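As the structure is a computational prediction, the values presented were derived from the model and not from experiment.
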Protein chains: 2
Amino acid sequence: MSGVRAQQKQKTRQALIEAAFNQLSAEHSFSNLSLREVAREAGIAPTSFYRHFKDMNELGLTMVDEAGLTLRQLMRQARRRIASGGSVIITSVETFMEFIDTSSNQFRLLLRERSGTSKAFRAAVAREIKHFILELAHYLESETPCDKQHAYMQAEAMVTLVFNAGAEALDQDAQQRAELTERLIWQLRYIARGANHYGS
Amino acid sequence: MSGVRAQQKQKTRQALIEAAFNQLSAEHSFSNLSLREVAREAGIAPTSFYRHFKDMNELGLTMVDEAGLTLRQLMRQARRRIASGGSVIITSVETFMEFIDTSSNQFRLLLRERSGTSKAFRAAVAREIKHFILELAHYLESETPCDKQHAYMQAEAMVTLVFNAGAEALDQDAQQRAELTERLIWQLRYIARGANHYGS
DNA sequence: AATTTCAGCGTACACTTGTACGCTAAAATA
DNA sequence: TATTTTAGCGTACAAGTGTACGCTGAAATT
């Protein structure tokens, strides 16, 4: 196992994934990608693609997983920052905005495939987001005076708003983003306040 | 003017638009549509398409306008229902869910192109949504004890949640939708409560 | 050392796509 | 009535797509 051979295979597999991410942009969505172009950028022949993925679909699902992983890692980092004494809401929002900024193509993938044309894709993205919501709900339940049900609904609403703000931020400059972020923070406060009122 | 000729032209133009809407579905987004297929379903030769639209893009923007119009008409109807004594939140949500149900392809277009690959599309959808938000903000400002700024942020948050719930509802059966709707209504209450607290 | 496995290649094929070009017939205009 | 306008058609073409098939050489296994 893990010989020169398998190692090289893993390498070009990753090259395919990275090539595909590279080709995502504001003007290019996953469904616009062609197998041939991805293979070209990865430096292999079109037909060699099949040695790694059965389908473009399979590649895509792998990419969703990878983007989800990135997101989860980032939020773990956010939790560390919170533990060492930051505001929950502000730190989370800032961290998420960093994700939009540094991994915009990964975010774009999640954003678009959430309402894309493949049920499997939509399900995969929904799973990632649900993970996110559950984590936040768990936190809210233990740290605030809040019913379990209300904690979940609160978390769901918050994640929805953050995610959507991220989507808007993609098209904006620094100035607009700052305003957007400020509004978002207010909106999260509304929810926190409302949920605590109803859920205790 | 308005002779037999112009009338017929208008008719096939509408046929193109309807053909395109028909071809949208859970598995087929606008960017997957091909000029030829749309022309085929509309019953004209591919090259005749250009007599009506310069581009598939131009068709798409027209479709966004049409979907926005449908939405606006529906919400006007909602306002009438509210005026004759319904709960604001519940009536609005129900009306919106009807829109998802009866015009799902129009909704799908707005939903997807909001984060699609064409800046013009994104802007067009954003415009429709903003219109929506402003209307709601105006209402909230006059009917609840709420700062102008807070009214806007409240409206924005509410519209975001409703829109997103609609997106989720697309993949769900009646049972799940009912649960989703119930959660959504709670979440809107959170926001209303929170905004009224901060904005007065 | 002999054999098997398999990542990557090149060729080939059947399709689909957008659109340029010129024609036709009927409606509109003069 | 004679002329112009134009919605719609058919042909044609270059470009791009996914993928079937068989080969090769080097790594892995026996």
Side-chain angles (χ1 to χ4, degrees), chain A residues 1-25 27-63 112-113 116-121, chain B residues 1-25 27-63 112-113 116-121:
Chain A
M1 320 285 176
S2 132
V4 177
R5 190 135 185 182
Q7 218 169 337
Q8 177 56 30
K9 179 167 184 180
Q10 187 55 32
K11 211 169 158 186
T12 71
R13 183 190 151 98
Q14 203 55 38
L16 281 168
I17 295 174
E18 267 163 38
F21 268 124
N22 261 337
Q23 295 187 3
L24 294 183
S25 71
E27 295 79 23
H28 234 79
S29 79
F30 179 79
S31 66
N32 299 144
L33 298 190
S34 88
L35 184 154
R36 289 176 101 106
E37 272 189 33
V38 170
R40 196 177 307 136
E41 176 154 343
I44 64 171
T47 49
S48 300
F49 179 94
Y50 298 104
R51 301 291 182 197
H52 303 273
F53 302 98
K54 155 178 162 285
D55 231 21
M56 280 295 282
N57 251 5
E58 204 174 283
L59 205 209
L61 289 174
T62 307
M63 290 167 76
R112 287 179 177 148
E113 298 313 321
T117 52
S118 152
K119 193 154 192 168
F121 273 60
Chain B
M1 317 289 176
S2 132
V4 177
R5 192 136 185 185
Q7 217 168 337
Q8 177 57 30
K9 178 165 185 181
Q10 186 57 32
K11 212 169 157 187
T12 72
R13 184 190 151 98
Q14 203 55 38
L16 281 168
I17 295 175
E18 266 162 39
F21 268 123
N22 262 336
Q23 295 187 1
L24 294 182
S25 71
E27 297 78 22
H28 233 80
S29 79
F30 179 78
S31 67
N32 299 143
L33 299 189
S34 89
L35 185 152
R36 288 175 100 105
E37 273 190 31
V38 171
R40 197 175 306 138
E41 175 154 344
I44 64 170
T47 48
S48 299
F49 179 94
Y50 299 105
R51 302 290 182 198
H52 303 272
F53 302 98
K54 153 176 162 286
D55 229 22
M56 278 296 282
N57 251 6
E58 205 175 283
L59 206 209
L61 289 174
T62 306
M63 290 167 75
R112 288 180 176 145
E113 298 312 321
T117 52
S118 153
K119 194 154 192 169
F121 274 60

Exercise for the section: Determine the contact category for T47(B): base if any of its heavy atoms lies under 4.0 Å from a base atom, sugar-phosphate if only primed atoms, P, OP1 or OP2 are that close, otherwise nothing. Expected result: base
Practice task
Would you mind classifying the nucleic acid contact of E37(A) as base, sugar-phosphate or nothing, using non-hydrogen atoms under 4.0 angstrom?
Solution key: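 Result for E37(A) = sugar-phosphate.
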Problem - Donor-acceptor contact present, side-chain Q23(A) to main-chain E37(A), <3.5 Å - result: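 Such a contact is found between Q23(A) side chain and E37(A) backbone.
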For a quick test of reading the model, state the closest non-hydrogen atom pair linking [X] to [Y] and the distance between them.
{"X": "R13(B)", "Y": "F53(B)", "value": "NH1-CE2, 3.6 Å"}
{"X": "N32(A)", "Y": "S31(B)", "value": "ND2-OG, 4.1 Å"}
{"X": "R112(A)", "Y": "G116(B)", "value": "NH2-O, 3.2 Å"}

Exercise for the section: Could you pick out which residue, G43(A) or R36(A), lies toward the 5' side of DNA chain C when each is mapped onto its nearest nucleotide? Expected result: G43(A)
Problem - Position toward the 5' end of DNA chain D (nearest nucleotide), I44(B) or Y50(A) - result: I44(B)
Report the distance from atom [atom1] of [X] to atom [atom2] of [N], rounded to the nearest whole Å.
{"X": "F49(B)", "N": "dT16(C)", "atom1": "CZ", "atom2": "C1'", "value": "17 Å"}
{"X": "Q8(A)", "N": "dA27(D)", "atom1": "CD", "atom2": "C1'", "value": "12 Å"}
{"X": "R40(B)", "N": "dC9(D)", "atom1": "CZ", "atom2": "C1'", "value": "15 Å"}
{"X": "Q23(B)", "N": "dT17(C)", "atom1": "CD", "atom2": "P", "value": "10 Å"}
{"X": "H52(B)", "N": "dT19(C)", "atom1": "NE2", "atom2": "P", "value": "16 Å"}
{"X": "Q7(B)", "N": "dG8(D)", "atom1": "CD", "atom2": "P", "value": "13 Å"}
{"X": "N57(A)", "N": "dT19(D)", "atom1": "CG", "atom2": "P", "value": "10 Å"}
{"X": "M56(B)", "N": "dG18(C)", "atom1": "CE", "atom2": "P", "value": "7 Å"}

Closest to the [X] side chain: [options]?
{"X": "V4(B)", "options": "dA27(C), dG18(D), dC6(C)", "value": "dA27(C)"}
{"X": "A45(B)", "options": "dC9(D), dA27(D), dC9(C)", "value": "dC9(D)"}
{"X": "R51(A)", "options": "dT17(D), dC23(D), dA28(C)", "value": "dC23(D)"}

Practice task
State whether S48(B) places a side-chain N or O below 4.0 Å from either non-bridging phosphate oxygen (OP1 or OP2) of dC9(D).
Solution key: yes
Problem - T12(A) side chain to H52(A) side chain, donor-acceptor N/O pair below 3.5 angstrom - result: yes
